[in-house]
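Let me begin by presenting the structure, written as structure tokens, before commenting on it.
All heavy atoms count here, side chains included; hydrogens, waters and symmetry mates do not.
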Amino acid sequence: SLYVMYEMLKLVLAYQVNVDKQMYDPVRDQMAQARTAEVMEEMGQVNFLFSDKTGTLTANEMVFARCHVGGRDLGEFRKGVDGPGAGMLKARDLMENGKGSDPLYESVLNFFTCLAVCHSVQVAEKATETDVGQPELNYQGMSPDEVALVQAAHEAGVSFTSRVRKKTGNTSELVLKGPGSSERKFTVLHELAFTSDRKRMSVIARHKGKIWCITKGADSVMEELLTSPFNKECSEDLSTFSKQGLRTLIVGMRTVEKEEFEEWNKEFIAARNTIDETKDDKIAEVSARIEKGLKFIGVTAVEDRLQDGVPDTIRTVKDMGIRLWVLTGDKTETAVDIAKSCMLFSDSTVMAYAVLSQNAKDAEDKLLKAHEKLESESDTGLVLDGQTLLHALKSPECRKIIYELGVVARSCICARLSPMQKLELVKLVREQNRQAITLAIGDGANDVPMIQGAHLGIAIRGKEGTQAVQASDIAISYFRFLVPLLMCHGRRAYRRVAIFLNFYLYKNVLLLMSDLVWMHQDKFRARIAFPEYLSIGFNVVYSAWHLLFVIGFDRDISDEVACSKPALYQVGPRRGLFNARLFTKWMLTAVIQGAMAWLIPFFFIGTTDYDKTEPVDFWVCSTVAFSAINIIVDLKLVLYAQNPLGKVTLLPTAGAFACYAFALFMIGYTPLGHSFQPCMEKIPGELAKRTDALIALVVTAVAALSIDVIEKLSTYFMCPSELQIVQRER
């Protein structure tokens, strides 16, 4: 019955998550969804929170912000109150009037042409027109970044207008319109998809008899593929864009000779047709052979705004005592800027960096210096990158230092990480501290390993598909929903499950102790203390089903107060409600009260005349003891309820008493009861008539429960918990 009731309680807790209007998303018309009930109590004990950045902290609503083309930053592309930014106006002017008169024209045209060709976006035309008289095009794609880049090219005057799949071969035709009324057609021969390991995507396209390889990707991998390193102006603009929190990509291209393409094409088709587990590796290897010797075209910088409420949520999570790690694939400068804007790091945060390590020894030295800098400070932040972790995660000593840094630092940001490195960090914490509870939250397919690797996986319903949701334990729509999820549902679930487990084992030990006392009195003659057809309902009817209502729906404080008092959450990570000391206290109380429940009635009624076929005084004493046990158990649950006088507590408890009274009646006054338990015939009435039996019943219940009453009152007035202090204030 323990397992069944435990699972039913968890279902109740999961249901409460699913119907909580605090986490309702009006845009999608969806509530939070608990996809499993197995992790409810773990939501109230989280020690480490690992979060993705893009689409999790940010809205994944990309806006083309700036670009570096022709050796210069063109300026602001984002719309202001006065209309398009200066950079967009400059680009439009070049496309319309710059041909033959401005040396920057060709560079800008190539740049926006590459953006309009190198993507996997789909397009549909609307009836309306843009502010420059062009048809309004609706771009859609799996990657919001790509949509933003194609949209920017369209607004600048180079419009991707159609994609038509050819009937023969695995190719498609892209049509670009602009500048002006000109129209260009590109035949896409191959699309080399972006992966988290490659960190780039390419399109092999034919235009006017020439074959082009157009590639865009992260600067960390693209610089090696270019014919020459970034010049000073490009590096400075990259750094500036990153410090502004913008997501940057490098665009490059080259022409491919026909003979080279035909040879490469055969290898690519062979790799694509591989049917074993090496297929992805072979495709990546062949793709890399053509993505080299690229000519630098430009840099894109895209803004991804923070979701509403993210800074407040992060501040609350930190006040809850949870250590927060943000794991991202962005540049370090971009990640740090976002961390500051979302209050992961404040102006007073003492920050330590361990980045750009060249080998394991260098990584260890930087980690030790970071630890030395942070260990004596209170408000601390740590910055790591994928290059340092690549070396450090291979060393047991470095893994231990990373965990110790994670404990010393209140928050940490890790940049330039691959999905598997995110998973490795989650595994590292679980390996170094097996008691710690980890939570991972993300929105995309690249977050799935991290979500599955943590104790508790939460998915944000984002714009990058449903893979994260399918892999998660709980799905929510916005990062800010973490506060009600953890502070209301997680905190209460931990309290409820802790009380349930302690209470369920307590009541069984209490009943068992009465049996043990009688066994000693009876010199172990294997005779039962309680009527078996009465006691058989103890764990099913008299003291079980009402737990679902009393514990499952009992509330301590309102949701608004809970969300405003993050310190209340800390009882979970400290394991303050379910530990060896508390469990021992419950069990010792059960032993004492179980002995009292048998010995006090025996003292008042005092008989050992035992007959299973006749209703002798022994069964009066036994019924008094069993009735006292039920009263003690049910009233103790009322004492431990947060609202002892509430309907959700009193009505189920009264129902449990009624079930026991009905069982007494059935077993004592019906032919069916007499046939099963002849020794109980008219015993309930005999108990009600006898003064000694009634006195024994009252004295037993009062004496046993006085232990709990004294303990509860002394705790409340002498050493109240954080929750009791808040309840007093309210």
Side-chain angles (χ1 to χ4, degrees), residues 54 62 64-74 77 87 91 104 106-120 143-150 152-153 156 158 191-205 212-256 284 287-304 328-335 337 356 385-387 415-418:
T54 304
M62 307 298 180
F64 193 89
R66 306 184 83 91
C67 64
H68 171 95
V69 185
R72 55 179 287 189
D73 175 7
L74 288 188
F77 276 69
L104 198 59
E106 289 297 332
S107 297
V108 175
L109 176 60
N110 285 340
F111 176 75
F112 285 114
T113 299
C114 288
L115 297 188
V117 174
C118 185
H119 58 81
S120 58
S143 169
D145 296 77
E146 284 196 331
V147 173
L149 298 180
V150 176
V158 181
E191 183 181 306
L192 310 181
F194 174 90
T195 68
S196 55
D197 294 324
R198 283 166 37 78
K199 296 182 180 178
R200 62 187 182 274
M201 75 89 63
S202 298
V203 163
I204 313 299
W212 298 88
C213 173
I214 306 173
T215 304
K216 65 175 187 280
D219 61 278
S220 60
V221 296
M222 287 293 292
E223 187 170 16
E224 299 176 357
L225 307 180
L226 301 176
T227 53
S228 59
F230 300 143
N231 58 30
K232 179 182 178 182
E233 292 79 9
C234 177
S235 298
E236 289 177 352
D237 282 345
L238 266 174
S239 178
T240 300
F241 296 158
S242 298
K243 290 177 180 177
Q244 293 174 0
L246 303 178
R247 295 162 56 87
T248 58
L249 289 175
I250 306 300
V251 182
M253 64 178 291
R254 77 176 181 102
T255 57
V256 182
S287 298
R289 292 176 189 167
I290 202 168
E291 299 169 324
K292 59 184 180 180
L294 302 174
K295 176 187 175 183
F296 175 77
I297 299 298
V299 180
T300 68
V302 176
E303 178 192 35
D304 185 10
T328 178
D330 287 348
K331 287 171 62 68
T332 302
E333 295 87 351
T334 303
D337 182 80
L356 301 176
D385 69 349
Q387 185 174 333
R416 292 296 196 197
L417 295 189
S418 68

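Smallest separation of non-hydrogen atoms from Glu291 and Leu225: O-CD2, 3.2 Å. The two residues Ala193 and Arg198 come nearest to each other via the heavy atoms O-NE, 3.2 Å. Of all the heavy atoms in Gln244 and Asp337, the pair that sits closest is C-OD2, 3.2 Å. The nearest pair of heavy atoms linking Met201 to Cys118 is SD-SG, 3.2 Å. Contact detail for Leu226 and Lys295: the closest heavy-atom pair is CD2-C, 4.3 Å. Considering every non-hydrogen atom in both Leu246 and Ala301, the closest pair reads CD1-CB, 3.8 Å.
Rounded to the nearest 0.5 angstrom, Ile290 CD1 and Cys213 SG are separated by 5.5 Å. Atom NE2 of His119 and atom OG of Ser143 lie 11.5 Å apart (nearest 0.5 Å). Rounding to the nearest 0.5 Å places OG1 of Thr334 at 11.5 Å from CG of Asp304. The distance from atom CZ of Arg247 to atom CG of Asp145, rounded to the nearest 0.5 Å, is 4.0 Å. In this structure, Glu333 CD and Thr248 OG1 are separated by 9.0 Å, a value rounded to the nearest 0.5 Å.
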Decide yes or no on side chain to side chain contact (heavy atoms under 4.5 Å, CB included) for Trp212 and Val117, but give the supporting numbers first. CA-CA 10 Å; Trp212 298 88; Val117 174; over 6 Å; no
Walk me through it: do Thr113 and Ile214 pass the test side chain to side chain contact (heavy atoms under 4.5 Å, CB included)? CA-CA 10 Å; Thr113 299; Ile214 306 173; 6.0 Å; no
Between Leu115 and Thr300, does the side chain to side chain contact (heavy atoms under 4.5 Å, CB included) criterion hold? Intermediate values first, please. CA-CA 9 Å; Leu115 297 188; Thr300 68; 3.8 Å; yes
Could you give me the CA-CA distance, side-chain angles and deciding distance for Phe296 and Cys234, then say whether side chain to side chain contact (heavy atoms under 4.5 Å, CB included) is met? CA-CA 10 Å; Phe296 175 77; Cys234 177; 3.7 Å; yes
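Not counting sequence neighbours, the partners of Glu233 by the side chain to side chain contact (heavy atoms under 4.5 Å, CB included) test are His68, Asn231. Judged as a salt bridge (charged side-chain N to carboxylate O under 4.0 Å, His left out), and not counting sequence neighbours, Asp385 has no contacts.
Using a 30° and 60° split on the angle between ring planes, Phe77 and Phe64 fall in the perpendicular class, above 60°.
Evaluation of the side-chain hydrogen bond (donor to acceptor under 3.5 Å, both in side chains) test over residues 213-229, restricted to residues two or more places apart or in two chains, returns Glu146-Lys216, Ser202-Thr215, Asp219-Lys331, Asp219-Arg416.
Between the Ser239 side chain and the Ser235 main chain, no donor and acceptor come within less than 3.5 Å of each other.
The shortest side-chain heavy-atom distance between Val251 and Leu149 does not fall under the 4.5 Å cut-off. Met222 places none of its side-chain heavy atoms less than 4.5 Å from the side chain of Val299. You'll find the side chain of Phe241 reaches within 4.5 Å of the side chain of Asp73, heavy atoms only. Side chains of Thr240 and Arg66 form no contact here, defined as non-hydrogen atoms less than 4.5 Å apart. In this structure the side chain of Leu74 reaches within 4.5 angstrom of the side chain of Val108, judged on heavy atoms.
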